[in-house]
Trainee: 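Quick one: structure below, then a few questions.
Count residues from 1 along the sequence. Every heavy atom of this structure was used, including side-chain atoms; hydrogens, water molecules and symmetry mates were not.
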Amino acid sequence: MKLARDTWLVFQRQLLLMIRTPIWIAVGIIQPVFYLLLFAPLLKKVLASEGARSYADVYQVYVPGLLAVLCIFGGLYTGFSLLGELRSGIIERSRVTPVSRLALLLGRAMREMVALLVQAVLITLIALPFGLRVSPLNLLLAYLLLGLLALMTSAISFGIALMVPTDAAMSPVVNTIAQPIALLSGVLLPLTLAPEWQQQAARWNPFYWAVEGMRALFSGHAGDDVVWQGLLVVAVMTVLAVYWSARLFSTRVR
């Protein structure tokens with residue numbers, strides 16, 4: 001109970017800080033909206049072999065990948081905020097309070113999860129006039145998958161920030177990790193269009209299972225095995241990421 005209460009207190013504080021600067025949510029969706037408006041229409045001919053007969057079919061395939069990109073890149077860059085708090089002494093002052101150290105990380109990660117989910121909802125709403133159609137229940141399951149993905153990437157980013165405690169060093173590290181992860185998860189195009197070796201390599205990427213699960217949900221196939229497989233893989237990886245990040249926080253922050 002103490003962990004839950006402490007996490008809620010930290011989350012409330014972090015959420016208040018985010019509400020005071022809502023420009024970050026707007027900035028976070030500008031680039032995805034550009035891809036939605038300017039890149040997705042180019043995929044109709046490319047996805048014809050996948051059964052895309054209209055632009056609505058294209059958005060049905062592309063939007064889940066775009067939402068995953070939001071979590072991959074948005075989540076992996078959240079560690080920069082932790083670096084700022086470490087430099088200013090906020091984390092050090094928080095650690096001398098009775099608040100659980102795990103809660104200090106979980107509360108911040110949950111704030112990032114909420115911010116990314118708000119952006120995901122806005123992008124989904126923007127895609128509706130272009131023909132995107134998804135049932136409310138399937139959409140909620142997709143958002144659950146996205147929420148776990150955002151929590152996992154935020155925890156990983158916090159762990160990287162604790163290992164590489166400078167902005168100049170962290171940026172290339174995050175880029176080096178994020179780019180191959182995104183490309184091997186099929187966020188831009190389904191990997192059924194890729195060579196066999198790339199498809200096999202993607203199966204070792206947890207983000208691939210998340211993207212495939214969301215595409216199945218957006219296509220109305222909630223009963224497909226890939227949905228529960230994606231939820232299971234992401235849930236396990238989220239627990240491991242939070243545990244790893246919390247251990248680093250306990251040992252590296254003095």
Trainee: Taking Gly79's backbone N and O only, do any of them form a donor-acceptor pair with Ser157's side chain (distance below 3.5 Å, no angle check)?
Mentor: yes
Trainee: For residues Val164 and Val173, report the shortest heavy-atom separation together with the two atoms involved.
Mentor: CG2-CG2, 4.5 Å
Trainee: Would you check if the distance from the ring center of Phe80 to the ring center of Tyr77 is below 6.0 Å?
Mentor: yes
Trainee: After noting the C-alpha distance and the side-chain angles of Leu82 and Leu162, does the key distance pass the side chain to side chain contact (heavy atoms under 4.5 Å, CB included) rule?
Mentor: CA-CA 8 Å; Leu82 183 63; Leu162 293 169; 4.2 Å; yes
Trainee: Shortest non-hydrogen contact from Val63 to Ala127?
Mentor: CG2-CB, 3.9 Å
Trainee: Check the pair Glu112 / Ser81 against side chain to side chain contact (heavy atoms under 4.5 Å, CB included), numbers first and verdict last.
Mentor: CA-CA 10 Å; Glu112 302 300 338; Ser81 64; 4.1 Å; yes
Trainee: Work out which heavy atom in Ala216 is nearest to a heavy atom in Asp224; give both atom names and the distance.
Mentor: CB-OD2, 4.1 Å
Trainee: Would you confirm whether Arg133, through its side chain, and Leu128, through its main-chain N or O, come within 3.5 Å as a donor-acceptor pair?
Mentor: yes
Trainee: When you group the ILVMFWY residues by side-chain heavy-atom contacts below 4.5 Å and let the links chain together, are Leu183 and Tyr208 in the same group?
Mentor: no
Trainee: Honestly curious: do Ile72 and Leu231 fall in one hydrophobic cluster under the side-chain, below-4.5 Å linking rule?
Mentor: yes
Trainee: At their closest point, which heavy atom of Trp209 faces which heavy atom of Gln229, and how far apart are they?
Mentor: CZ3-OE1, 3.4 Å
Trainee: Just by distance, do the side chain of Asn205 and the backbone of Phe207 share a donor-acceptor pair under 3.5 Å?
Mentor: yes
Trainee: Hey, any chance Leu139 and Leu125 share a hydrophobic cluster, counting ILVMFWY side chains that come within less than 4.5 Å of each other, even indirectly?
Mentor: yes
Trainee: Taking atom OH of Tyr35 as the centre, does the number of heavy atoms from other residues, nucleotides or ligands within less than 6.0 Å exceed 12?
Mentor: no
Trainee: Let me check something: do Leu140 and Leu145 share a hydrophobic cluster, defined by ILVMFWY side-chain heavy atoms less than 4.5 Å apart, either directly or through other members?
Mentor: no
Trainee: Evaluate the side-chain proximity of Thr124 to Leu67: yes if any heavy-atom separation is below 4.5 Å, no if none is.
Mentor: yes
Trainee: Taking the side chain as every heavy atom from C-beta outward, state whether Leu116 and Leu146 have any pair of such atoms under 4.5 Å apart.
Mentor: no
Trainee: With rounding to the nearest 0.5 Å, note down the distance linking CG in Leu132 to CD1 in Ile123.
Mentor: 11.5 Å
Trainee: How long is the gap from CG on Leu137 to CG on Leu217, to the nearest 0.5 Å?
Mentor: 8.5 Å
Trainee: How long is the straight-line distance from CZ of Arg108 back to OG of Ser154, given to the nearest 0.5 Å?
Mentor: 12.5 Å
Trainee: Checking side chain to side chain contact (heavy atoms under 4.5 Å, CB included) for the pair Tyr59/Phe218: CA distance, chi angles, key distance, verdict?
Mentor: CA-CA 10 Å; Tyr59 284 98; Phe218 271 73; over 6 Å; no
Trainee: Can you name the closest pair of heavy atoms from Leu76 and Ala178 and give their distance?
Mentor: CD1-CB, 3.8 Å
Trainee: Quick one: does any side-chain atom of Thr153 pair with a main-chain N or O of Cys71 as donor and acceptor, under 3.5 Å?
Mentor: yes
Trainee: Side chains of Glu212 and Arg215: does their closest heavy-atom pair fall under 4.5 Å?
Mentor: yes
Trainee: Under 3.5 Å, which donor-acceptor pairs link side chains of residues 233-244 to any protein atom two or more places apart or in another chain?
Mentor:
residue: Thr238; atom: OG1; partner: Leu148; partner atom: O; Å: 3.1
residue: Thr238; atom: OG1; partner: Val234; partner atom: O; Å: 2.7
residue: Tyr243; atom: OH; partner: Arg247; partner atom: NH1; Å: 2.8

Trainee: Under the criterion side chain to side chain contact (heavy atoms under 4.5 Å, CB included), I'd like the reasoning laid out for Met163 against Phe158: C-alpha separation, chi angles, the key distance, then a yes or no.
Mentor: CA-CA 9 Å; Met163 295 179 66; Phe158 290 152; over 6 Å; no
Trainee: Nearest 0.5 Å, what's the CZ-OH distance between Phe130 and Tyr62?
Mentor: 12.5 Å
Trainee: Can you tell me how far CZ of Phe73 sits from CD1 of Ile177, rounded to the nearest 0.5 angstrom?
Mentor: 11.5 Å
Trainee: Indicate yes or no: at least one non-hydrogen side-chain atom of Thr7 is less than 4.5 angstrom from one of Met110.
Mentor: yes
Trainee: Nearest 0.5 Å, what's the CG-CZ distance between Leu16 and Arg111?
Mentor: 10.5 Å
Trainee: Is the closest side-chain heavy-atom distance between Val33 and Leu37 below 4.5 Å?
Mentor: yes
Trainee: Looking only at non-hydrogen atoms, find the nearest pair between Pro32 and Leu70 and report the distance.
Mentor: CG-CD1, 3.6 Å
Trainee: Please tell me if the side chains of Ile160 and Ile156 come closer than 4.5 Å, counting only heavy atoms from C-beta onward.
Mentor: yes
